[in-house]
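These notes are about the structure you will find just below.
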Amino acid sequence: MTFQRARSAEQREIRRRAILDTAAAMLVEMPVAEVSLNELSRRVGLAKSNVLRYFESREAILLELLDRAVKEWLDELPGHLDTAVRPDASARERGDQLAAVVAGSLAKRAVLCDLLSAQAGVLEHNVSVAVAARYKRATLDNITATSELVRRHLPEVGDEAFLLCGGIFVLVGAMWPYSRPSSSMLAAFEADPALAVLRLDFPATAEYALATFVAGTIARTASSADVD
């Protein structure tokens, strides 16, 4: 940025995007918990008070980056699913294929998974009602888009697709921290090999959990149809 003060709408948008891009770069270097407003302000070249003119809090910045990360993931997911999920396979096979693609693609997006793991307990706090509502509307759009994509390959999930896809985001966020053990936990696993079974391998565990979740949803949908 070559200007000292943002005077026009265009300049304010440039500064806003600079803040977001700088925070995104920090997330590549460090976990969510270590991203601070002080360091962000220093890197973007603005006073902390100026950063807060564009975003009301650190959490508001990170929620916007979480939405951006989900949308970037959703942009690439259709191509992967079209390649991997065979339309002539059984519902169980297609469910397993879909789970493998989703788990594998998320495992490559550490920043997205880290943000999801912090969403409910950290990022959704210290924000105004307006920011909370804006983020939740974006979340609705993202879950809807995901559920439409899932139904394209697995029409058997029926109307439960939205609940399934919302649950996938929650499940991934819950599992991610367990795949990033502390140094003390790593030392404990190394000292006692019997404990190693408790160390979570994210791609494999996520694939198993998602496949089970999908299979259960298909079974529930089929059972409801039989009752009707």
(message) Taking side-chain contact (heavy atoms from CB on, under 4.5 Å) as the criterion, tell me which of N50, L20, D21, V51 meets it with V44.
(response) V51
(request) Indicate yes or no: does R151 engage E156 in a salt bridge with an N to O separation below 4.0 Å. (result) no
(request) Identify the two heavy atoms, one from L27 and one from V111, that lie closest to each other, and give their separation to 0.1 Å. (result) O-CG2, 3.6 Å
(message) Surrounding CD of E190 (heavy atoms of other residues, nucleotides or ligands, distance under 6.0 Å), is the total greater than 12?
(response) no
(request) Using only heavy-atom distances, determine whether the side chains of E160 and T217 contain a donor-acceptor pair under 3.5 Å. (result) no
(message) For a quick test of reading the model, state the closest non-hydrogen atom pair linking C165 to S147 and the distance between them.
(response) SG-CA, 3.4 Å
(message) Closer than 3.5 angstrom, by distance alone: can the side chain of N126 be matched with the main-chain N or O of E59 as a donor-acceptor pair?
(response) no
(request) Examine distances only and state if a side-chain atom of T205 and a backbone atom of F202 form a donor-acceptor pair shorter than 3.5 Å. (result) no
(request) Would you mind checking if K71 and E76 are paired as a salt bridge, meaning a charged N to carboxylate O distance below 4.0 Å? (result) no
(message) Closer than 4.0 angstrom, basic N to acidic O: yes or no for E13 and R17?
(response) yes
(request) Using the rule that two of Ile, Leu, Val, Met, Phe, Trp, Tyr join whenever any of their side-chain heavy atoms come within less than 4.5 Å, decide whether Y135 and V129 are in one cluster. (result) no
(request) Identify whether the distance between the nearest side-chain nitrogen and carboxylate oxygen of R137 and D141 falls below 4.0 Å. (result) no
(request) Indicate yes or no: does R134 engage E64 in a salt bridge with an N to O separation below 4.0 Å. (result) no
(message) Within the supplied structure, the quantity of interest is the number of heavy atoms (other residues, nucleotides, ligands) at a distance under 6.0 Å from M185 CE; does it exceed 12?
(response) no
(message) Quick check on K108: does its NZ atom have over 12 non-hydrogen neighbours (other residues, nucleotides or ligands) under 6.0 Å away?
(response) no
